[in-house]
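Order of the sequence lines fixes the chain letters, A, B, ..., with proteins taken first and strands second; residue numbering starts at 1 for each chain. Keep in mind the model is a prediction, meaning the values are calculated, not measured.
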Amino acid sequence: MHFSKLFIPTLKESPADAEVISHKLMVRAGMIRQVASGIYSILPLGLRVLRKVEQIIREEMNQIDGQEVFLPSIQPAELWIESKRWDFYGKELLRIKDRHGREFCYGPTHEEVITDIVRKEVKSYRQLPILLYQIQTKFRDEVRPRFGIMRGREFMMKDAYSFHTDEEDTQRTYNQMAQAYTNIFNRCGLNFKQVQADSGTIGGSFSHEFAVLADSGEDDIGFCESCGYASNLELAESKPPAPSTPPATRQEIKEVETPGQKSVEDVAGFLNLSARQIVKTILLENEHGLVAGLVRGDHEINPVKLKNLIGCEWLQPAGEEVISRHPELHCGYVGPVGLDLPVYADCEISAMYDFVTGANKTSTHFTGVQVERDLKIKQFSDIRTVKADDPCPRCERGVYQVKRGIEVGHIFILGTKYSSAMKAVYLDQQGKENAMIMGCYGIGVGRTAAAAIEQNHDDKGIVWPRNLAPFQVIIIPVNYSNEDLKTVCDTIYDQLQETGIETLLDDRSDRLGGKLKDADLLGIPLQIIVGPKNLSAGQVEIKIRKTNESDLHPYPEVIADIPSILKGL
RNA sequence: CGGGAUGUAGCGCAGCCUGGUUAGCGCACUUGACUGGGGGUCAAGGGGUCGGAGGUUCAAAUCCUCUCAUCCCGACCA
């Protein structure tokens with residue numbers, strides 16, 4: 001392609017409303033433009049990159065017998081009512097009416113549509129398993145879109161769905177999918193981790209995320225480098241407490257005055273104790289009312305773990321307004337002793353003796369509290385959030401590291417949640433009807449491209465991983481109106497094109513400086529700079545974007561080496 | 001949905017506090033000349049209902065009220 005013919009509106013300055021580096025660079029490199037909050041136009045250069053990601057995904061999906069389909073983005077309400085998600089999905093579901101007043105939504109995901117197709121067309125165990133996927137736009141009316149196409153409302157996604165007769169077969173496909181995802185993100189040149197994840201509102205029993213490690217990520221990833229265990233922090237297991245021997249004499253429970261001492265730090269300082277000797281009581285609210293969670297003073301409660309433990313629909317920290325409706329609860333002095341609420345305690349509490357809790361009385365705490373004597377615990381479980389340097393639960397010596405991650409892929413075993421609700425059944429060998437077992441698997445296409453930029457850039461611009469680069473090579477003449485240079489550049493261009501290397505020829509009349517700045521900004525892996533001085537010495541300059549290394553090479557001999565130079569990048 | 005901020009030319013910004021010529025600057029754009037190895041120089045141009053509506057005033061980009069949009073933090077999120 002000739003640069004002058006391509007629509008690549010590059011900018012010298014970053015847009016004022018861009019915060020993260022990938023957003024800034026994608027706008028500056030002329031890849032995307034914003035249309036409305038969370039809604040973007042993809043320009044030619046951006047689309048070339050997205051197509052690269054898509055192609056890699058297609059190849060890996062086809063490799064494991066996935067078949068590509070294309071489902072509608074506008075979906076009838078009936079299907080969503082049938083799966084019970086019309087009410088459950090909430091405001092994120094963009095609802096629309098057609099001219100007849102019939103209700104539709106813009107698909108945020110496609111379990112309903114795909115299950116509808118499969119239930120109509122698949123009747124026998126002989127037709128299973130089946131794996132279908134598509135790549136198309138989704139719309140989720142996010143509360144707060146941000147970071148360019150990293151978290152847009154409309155976005156490109158690959159979603160795949162599999163249907164099976166039994167758990168084992170589902171697990172097999174799930175594992176193949178995990179391997180395919182690993183291949184995909186490796187080919188995209190990303191540094192990522194496959195981590196345990198919560199299945200959230202999509203439901204299901206088993207799930208992993210693929211997280212690209214980057215500071216701008218929105219998730220916290222906990223992982224252990226000794227054994228490789230990795231998990232989203234909202235699910236990361238903590239190591240059970242080592243059995244401890246109780247002190248010879250146990251303290252008696254005692255009320256102490258703690259006026260104005262509400263936080264753990266306050267109380268610890270006031271009583272001259274460590275936070276580890278205090279038990280925090282956190283009040284949370286779910287559809288059944290209030291519950292209490294106990295964690296050690298230096299720990300944080302993990303609502304996701306607690307929600308999964310209780311098995312409730314939702315769970316959130318109780319607001320002041322809710323607490324104020326309970327006169328027996330005093331903010332800052334709530335404690336588990338004699339508390340008339342279901343009390344869940346973190347495992348670590350079971351190894352504590354002589355600790356401090358709130359006394360359910362203003363300006364008062366208890367000291368010398370003992371679990372078995374003073375507390376009524378509904379259940380002990382792992383309900384705290386792990387921190388960096390916590391011991392790894394899966395190996396002897398390892399400790400947690402915590403880093404930010406961008407969720408680029410997520411795979412789930414759904415079980416029969418949708419197939420039961422929507423009666424997607426098949427006849428088994430005995431002629432008996434069974435619900436199909438499902439899995440679903442997603443990749444954010446645009447987010448993957450953005451994540452690649454987050455991991456591969458410098459102060460000059462993008463540094464594309466080779467497989468995602470919109471072009472492999474850019475030819476930059478010092479002056480394209482010079483006939484000799486033009487001839488050489490055209491020759492190199494034709495030669496590379498014939499070899500199948502995607503090449504961009506910067507035929508613009510701009511001065512060299514501007515063209516070099518743009519080439520760096522666009523992040524094309526290899527630059528060939530053709531100037532009169534070097535050329536008269538029979539040489540051209542070749543610059544590697546990633547390393548900034550620039551060397552003179554004999555022309556025309558070097559052109560034949562370009563493919564091998566590229567392979568080495 | 002709570003908290004914070006910003007809307008002035010395609011992009012980045014100043015002017016606003018303390019109202020008063022024709023609303024400025026840099027980049028980009030158009031024309032011409034010179035130039036040609038890291039965003040060049042000179043000259044001449046085009047482009048604005050100062051986000052919108054209402055109000056105060058002799059006079060509003062500037063003060064007041066409402067509203068819309070966008071961004072950030074939090075909550076939320078396959």
*Assigned partner base of B:A5, Watson-Crick or wobble definition, under 3.5 Å*: B:U70
_Contact under 4.0 Å: A:S14 side-chain N or O vs B:G12 OP1/OP2_ = no
_Can you tell me if A:Q34 touches the phosphate of B:C71, counting only side-chain N or O atoms and a distance under 4.0 Å to OP1 or OP2?_
yes
*Can you check the A:L315 CG to B:C76 P distance for me, whole Å?*
10 Å
_Watson-Crick/G-U partner (both atom distances under 3.5 Å) of B:C11_ = B:G26
*State whether the number of non-hydrogen atoms from other residues, nucleotides or ligands found under 6.0 Å of A:D458 atom CG is greater than 12.*
yes
*Could you give the distance separating B:C72 and B:U57 at their C1' atoms, to the nearest angstrom?*
37 Å
*For nucleotides B:A9 and B:G46, find the distance between their C1' atoms and express it as a whole number of Å.*
11 Å
*Select from A:E218 and A:L512 the residue whose nearest nucleotide in RNA chain B is closer to the 5' end of that strand.*
A:L512
*Using the C1' atom as the reference point in each nucleotide, state the distance between B:A61 and B:G19 in Å, no decimals.*
10 Å
_Counting the atoms with a prime plus P, OP1 and OP2 as sugar-phosphate, which does A:G513 contact under 4.0 Å by heavy atoms, base, sugar-phosphate, or nothing?_
sugar-phosphate
*Nearest-Å distance, CZ (A:F88) to C1' (B:C77)?*
13 Å
*Report which part of the nucleic acid A:P532 touches: base, sugar-phosphate, or nothing (heavy-atom distance under 4.0 Å, all strands).*
base
_Separation of atom OH in A:Y40 from atom P in B:U70, rounded to whole Å_ = 10 Å
*asked:* Both distances below 3.5 Å, Watson-Crick or wobble geometry, any strand: find the nucleotide opposite B:U41.
replied: B:A33
*Nearest-angstrom distance from the residue atom CG of A:L552 to P of B:G37*: 15 Å
*What distance do A:L233 atom CG and A:R404 atom CZ have between them, rounded to the nearest 0.5 Å?*
9.5 Å
*Contact class for A:D219 vs. all strands (heavy atom < 4.0 Å): base, sugar-phosphate, or nothing?*
nothing
*Classify the nucleic acid contact of A:D518 as base, sugar-phosphate or nothing, counting any heavy atom under 4.0 Å across all strands shown.*
base
*Would you check, one step at a time, whether the test salt bridge (charged side-chain N to carboxylate O under 4.0 Å, His left out) holds for A:R119 with A:E82?*
CA-CA 13 Å; A:R119 71 177 168 182; A:E82 209 179 336; 2.6 Å; yes
*Tell me the partner of B:C16, counting only Watson-Crick (N1-N3 plus N6-O4 or O6-N4) or G-U wobble (N1-O2 and O6-N3) with both under 3.5 Å; none if nothing fits.*
none
*In terms of side-chain heavy atoms, does A:Y106 have a donor or acceptor partner in A:T137 at a distance below 3.5 Å?*
yes
*When all nucleic acid strands are considered with a 4.0 Å heavy-atom cut-off, which category describes A:S550: base, sugar-phosphate, or nothing?*
nothing
*asked:* Base, sugar-phosphate or nothing for A:N534? Non-hydrogen atoms, less than 4.0 Å.
replied: base
*asked:* Work out how far the P atom of B:A43 is from that of B:A28, and round it to whole angstrom.
replied: 16 Å
_Distance in Å, A:N183 CG paired with A:I57 CD1, rounded so as to fall on 0.5 Å steps_ = 12.5 Å
*A:E407 or A:N479: which one's nearest nucleotide on RNA chain B is closer to the 5' end?*
A:N479
_Interatomic distance at P, B:A23 relative to B:G47, whole Å_ = 13 Å
_Using whole Å, what does the distance between atom C1' of nucleotide B:C1 and atom CD of A:E142 come to?_
14 Å
*Using both distances under 3.5 Å as the test, list the Watson-Crick or G-U wobble partner of B:U21, or none.*
none
*Provide, to the nearest angstrom, the distance between the NZ atom belonging to A:K515 and the C1' atom belonging to B:G39.*
12 Å
*asked:* Taking 4.0 Å as the cut-off, does a side-chain nitrogen or oxygen of A:R144 come that near to OP1 or OP2 on B:C72?
replied: yes
*Between A:L521 (CG) and B:G38 (P), how many Å, whole number?*
19 Å
*Scan side-chain atoms only and decide if A:D159 and A:Q136 contain a donor-acceptor pair under the 3.5 Å cut-off.*
no
*Considering only atom C1', compute the distance from B:C42 to B:C63 and round it to an integer number of Å.*
44 Å
*Less than 3.5 Å between a donor and an acceptor, one on the side chain of A:D510 and one on the base of B:G40, is that the case here?*
no
*N/O (side chain, A:R146) to phosphate O (OP1/OP2, B:C73) under 4.0 Å*: yes
*In sequence, state the C-alpha distance, the side-chain angles, and the governing distance for A:I32 and A:I42, and then conclude on side chain to side chain contact (heavy atoms under 4.5 Å, CB included).*
CA-CA 5 Å; A:I32 59 169; A:I42 310 291; 3.9 Å; yes
*Quick one: pull up CD1 in A:I56 and CZ in A:F185 and give me the separation to the nearest 0.5 Å.*
10.5 Å
*A:F147 near the nucleic acid: base, sugar-phosphate alone, or nothing, with a heavy-atom cut-off under 4.0 Å?*
sugar-phosphate
*Once you round it to whole Å, what is the distance between C1' of B:G36 and CZ of A:R508?*
16 Å
*Roughly how far apart, to the nearest Å, are B:C29 and B:G12 at atom C1'?*
16 Å
*Which whole number of Å gives the distance between the C1' atom of B:C16 and that of B:U62?*
4 Å
